[in-house]
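Note sheet for the following structure.
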Amino acid sequence: MADARKIVFTGASGGIGTMIRPLLARHYPGLVLSDMVKPKDLLASETFVAADLTKPDEVAAAVKGADSVIHLGGFSVEGPWDTILQANIIGCYNLFEAARVAGVKRVIFASSNHAVGFYPRKRKIGTHVTVRPDSRYGVSKAFGEALGALYSDKHGMAVTCLRIGNVGPKPLDVRRLSIWISPEDIVQLMRIGLEHPDIRFEIFYGASDNAASWWDNSRAQQLGYRPTGKAEDHRAHAEAEQAKVGPDPVGDVFQGGTFCAAEFTNDVKRAGP
Ligand code: 15L
């Protein structure tokens, strides 16, 4: 269905952005894409505004006149502190603040499973648990969720945080059987955030209908989420890929996997809730 709203999509040239742009364009043909580099295959219906998230003026120009923002921009894995600080802390603040000034009504924030990565795999968690980040990257995603709550409560912005698992055509390994989300399903979650009248501040898990899930996504379901992807359909592929890597005594215990194991100097029994 055509939609006259102006929706700005940051991080449009990144991995997830590239996968979901054509799917989003079916629902929102006038999408305004933003990133540091222009996507190679801009559709006739799309426009592009270059913006560096660390530069408030550029971010303000990118979101000018928008009523909604899908914020996928930033650094998408663990990195040195200054990289995370610039792209995901300062960049995320600049985005929310520019959105407030521009009168943006709805923001979809790409959070991550790594905001709660130190929960053990044997525990099923909902969206109200205390954050347990597994990396500086995970901390930055928890920060983004907190900013979203602030702008929702203080300024009435309708903010939806997606704690994304792993987006792709199929789960890459056994861990991803629990956290995988198809491109179609993440677009479905974004559409709920962009359109549902009851959104104030929400956290959804970005996961498909995975039998091995570690997450209770009942709030998303209450608001209409009906995932169509099923990780189990790809189990053989995921197990074959898993067989190529050895066991990880830290990463295999916790939901965040290798993000937990990196730089780990603790005792596994003392980590996580
Ligand atoms: C993420 O948050 C990353 O952006 C992505 O690259 C994957 O590492 C994913 O998490 C994951 O946990 O598989």
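Below, all heavy atoms of this structure are taken into account, side chains as well, without hydrogens, waters or symmetry copies. Remember, it's 1-based here, ligands and their atoms both numbered in the order they're listed. Here, residue 1 is the first one in the sequence, and each next residue gets the next number.
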Would you check whether [X] reaches within less than 4.0 Å of ligand 1, judged by its heavy atoms?
X      : result
Gly257 : no
Lys141 : no
Ile164 : no

Check your understanding: How about Tyr205 and Arg163: does a side-chain donor come under 3.5 Å of a side-chain acceptor?
Key -> yes
Review point. Do His114 and Ser135 have side-chain N/O donor and acceptor atoms under 3.5 Å apart?
Key: no
Separation of [Y] [atom2] from [X] [atom1] (nearest 0.5 Å):
X      : Y      : atom1 : atom2 : answer
Ser178 : Asn166 : OG    : CG    : 12.0 Å
Ile108 : Arg191 : CD1   : CZ    : 11.5 Å
Asn210 : Asp233 : CG    : CG    : 10.0 Å
Asp52  : Asp57  : CG    : CG    : 11.0 Å

Shortest protein contact, [atom] (heavy atom only):
atom                    : result
atom 10 (O) of ligand 1 : His114 NE2, 3.1 Å
atom 9 (C) of ligand 1  : Gly165 O, 3.4 Å
atom 13 (O) of ligand 1 : Arg176 NE, 2.8 Å
atom 6 (O) of ligand 1  : Val77 CG1, 3.7 Å

